[in-house]
Protein chains: 2
Amino acid sequence: MSKEAQAGGDEPATGAGIQRVFEALASAPRRRILAYLSHSSLTAGEIAARFDMSKPSISQHLNVLEVAGLIARERKGQFVHYSLVENNLANTLNGFVQDVCPVARPIKRESKALAAAKGREKAEG
Amino acid sequence: MSKEAQAGGDEPATGAGIQRVFEALASAPRRRILAYLSHSSLTAGEIAARFDMSKPSISQHLNVLEVAGLIARERKGQFVHYSLVENNLANTLNGFVQDVCPVARPIKRESKALAAAKGREKAEG
DNA sequence: CCAGAAATTAGGTCATTGCCTAATTATCTA
DNA sequence: TAGATAATTAGGCAATGACCTAATTTCTGG
């Protein structure tokens with residue numbers, strides 16, 4: 001398993017990947033893109049159509065999200081489909097919260113269970 | 001209860017507070033400060049001493065974190081003590097993850113329980 | 001009151017980000 | 001192959017952010 005692709009699993013919250021993730025999330029349009037993709041995969045054009053912003057700008061946002069490992073792209077003919085990389089966001093943020101927030105530490109085992117459950121889901125899905 | 005002070009409780013992940021939180025978290029030094037404060041409260045000077053950075057720069061970072069509602073300041077004589085606002089970080093990130101990450105949605109009730117438990121903890125103190 | 005320490009504010013520089021338009025690449029179809 | 005559509009890359013510009021030094025505020029102790 002590639003370390004960066006599935007960041008958040010065991011990687012400490014001080015790793016290199018987490019920086020890109022938080023930078024990616026610091027932008028409202030990018031968070032909005034993630035929200036859209038949480039409902040269904042979309043082409044770059046479909047995403048751009050939902051914004052009052054030029055296509056190249058959206059393309060840049062998509063690139064930032066992809067480099068952060070939060071979304072995946074797949075070319076299909078002349079279209080490029082984007083989809084959420086589901087584990088990464090939750091795991092990265094979860095890992096960080098566990099490092100920083102004392103309250104959250106007790107649920108460390110739960111998040112572990114969550115990751116396991118997700119693994120199962122993927123395998124069955 | 002002030003809405004912004006305890007952001008993340010019911011506030012949608014599209015609110016104004018979340019933007020400040022994510023911007024605050026986009027900086028490695030600021031995340032490091034949060035990690036320090038998760039172990040104990042510290043004065044501005046004690047925090048600055050842990051960084052290879054000027055005190056004014058640290059002061060600015062502290063201000064960003066405070067405006068985001070992630071830390072609290074308390075003046076004691078000539079010192080200023082900073083401490084973590086524990087609920088806010090976990091709740092804000094949790095709320096966002098629930099909005100975006102399909103896997104995480106089923107644990108919505110758990111996070112609610114977590115918030116409740118935290119309330120109790122605070123009250124018993 | 002004055003010297004000194006803690007912390008912030010003020011002001012300036014430099015790099016980065018976010019947006020745009022124009023140009024380019026890749027693909028489909030007639 | 002030519003023309004149209006999807007998407008990206010290239011390049012430029014304004015705004016923002018992160019750092020610094022110097023100056024200021026706020027408190028303590030002699």
Side-chain angles (χ1 to χ4, degrees), chain A residues 14 16-37 40-85 96, chain B residues 14 16-37 40-85 92:
Chain A
T14 47
I18 199 175
Q19 176 62 31
R20 273 190 280 269
V21 169
F22 276 115
E23 273 172 8
L25 296 179
S27 146
R30 285 195 289 264
R31 290 195 303 275
R32 226 177 105 191
I33 289 173
L34 290 177
Y36 287 138
L37 292 180
S40 69
S41 296
L42 295 169
T43 68
E46 287 170 331
I47 295 168
R50 288 164 164 75
F51 286 86
D52 194 16
M53 195 184 293
S54 75
K55 283 183 72 165
S57 295
I58 295 296
S59 200
Q60 286 192 342
H61 284 307
L62 289 169
N63 186 55
V64 170
L65 288 168
E66 197 207 353
V67 168
L70 296 176
I71 65 175
R73 40 175 296 157
E74 185 185 3
R75 175 135 223 159
K76 282 183 183 170
Q78 88 195 113
F79 297 88
V80 175
H81 292 256
Y82 285 92
S83 60
L84 209 61
V85 175
F96 174 67
Chain B
T14 47
I18 200 175
Q19 177 62 30
R20 273 190 281 269
V21 169
F22 275 115
E23 272 171 9
L25 295 179
S27 147
R30 286 197 288 265
R31 290 195 303 275
R32 227 177 104 192
I33 290 174
L34 290 177
Y36 288 139
L37 293 180
S40 69
S41 296
L42 295 169
T43 69
E46 288 170 330
I47 295 168
R50 288 164 165 76
F51 286 85
D52 194 17
M53 196 185 290
S54 75
K55 284 185 72 166
S57 295
I58 295 295
S59 201
Q60 286 194 340
H61 284 307
L62 290 170
N63 185 56
V64 170
L65 288 168
E66 197 207 351
V67 168
L70 296 175
I71 65 175
R73 41 175 298 158
E74 186 185 2
R75 175 135 223 160
K76 283 183 184 172
Q78 97 196 104
F79 297 88
V80 176
H81 292 256
Y82 285 91
S83 61
L84 208 61
V85 175
T92 302

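Below, read A as the first sequence line, B as the second, and so on, with proteins coming before strands; counting in each chain starts at 1.
- For B:E66, the side chain to side chain contact (heavy atoms under 4.5 Å, CB included) partners two or more places apart in sequence, or in a different chain, are B:N63, B:I71, B:R73.
- Looking at residues two or more places apart in sequence or on another chain, you find a side chain to side chain contact (heavy atoms under 4.5 Å, CB included) between A:Q19 and A:E23, B:A28, B:R31.
- In this structure, A:L62 atom CG and D:dA6 atom C1' are separated by 13 Å, rounded to whole Å.
- In 5' to 3' order, the nucleotides of DNA chain C bounding all contacts with chain A (an atom under 4.0 Å from a heavy atom) are C:dG18 to C:dC28.
- Each of A:H81 and B:S27 was matched to the nucleotide of DNA chain D holding its nearest heavy atom; the match closer to the 5' end belongs to A:H81.
- Under the side chain to side chain contact (heavy atoms under 4.5 Å, CB included) criterion, B:S41 pairs with B:S83, not counting sequence neighbours.
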(request) Evaluate side chain to side chain contact (heavy atoms under 4.5 Å, CB included) for A:I33 paired with A:L42, printing each intermediate quantity in order. (result) CA-CA 10 Å; A:I33 289 173; A:L42 295 169; over 6 Å; no

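- Scored by the side chain to side chain contact (heavy atoms under 4.5 Å, CB included) test, B:S57 finds B:M53, B:S54 as partners (sequence neighbours excluded).
- Within the 4.5 Å cutoff, side-chain heavy atoms of B:L25 are placed close to those of A:F96.
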Report, one pair per line, the protein and nucleotides 10-16 of chain D atoms (nitrogen or oxygen only) whose separation is under 3.5 Å.
none

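- When all heavy atoms are compared, the tightest approach of B:L62 to B:A44 is CD1-CB, 4.0 Å.
- Residue A:K55 comes nearest to A:A48 through the heavy atom pair CG-CB, 3.7 Å, listed as atom of the first residue, atom of the second, then distance.
- For D:dT8, one of the phosphate oxygens OP1 or OP2 lies less than 4.0 angstrom from a side-chain nitrogen or oxygen of A:Y82.
- Rounded to whole Å, the distance from CZ on A:F22 to P on D:dG17 is 18 Å.
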(message) Between B:T92 and B:L70, does the side chain to side chain contact (heavy atoms under 4.5 Å, CB included) criterion hold? Intermediate values first, please.
(response) CA-CA 10 Å; B:T92 302; B:L70 296 175; 5.7 Å; no

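- Partners of B:R50 by side-chain hydrogen bond (donor to acceptor under 3.5 Å, both in side chains), not counting sequence neighbours: none found.
- Heavy atoms only, all atoms of each residue included: A:A24 and A:L65 are closest at CB-CD2, 4.1 Å.
- Rounded to a whole Å, the CG atom of B:D52 is 11 Å from the P atom of D:dC19.
- Between the CD1 atom of B:I58 and the C1' atom of D:dC20 there is a distance of 13 Å, given to the nearest Å.
- Evaluation of the ring pair (Phe, Tyr, Trp, His ring centres under 6.0 Å) test over residues 52-83 of chain B, restricted to residues two or more places apart or in two chains, returns none.
- For B:H61, a side-chain nitrogen or oxygen approaches OP1 or OP2 of D:dC19 to under 4.0 Å.
- Taking a 4.0 Å limit (strictly below) on heavy-atom distances, residues 73-80 of chain B reaches DNA chain C at B:R73, B:Q78, B:F79, B:V80.
- When the C1' atom of D:dT8 is taken as reference, atom CE of A:M53 falls 17 Å away, rounded to whole Å.
- What separates CD1 of A:I71 from C1' of D:dA7 is a distance of 14 Å, to the nearest Å.
- Between the axis at the start and the axis at the end of the helix from C:dC1-D:dG30 to C:dA30-D:dT1 there is an angle of 20°, using five pairs per end and rounding to 10 degrees.
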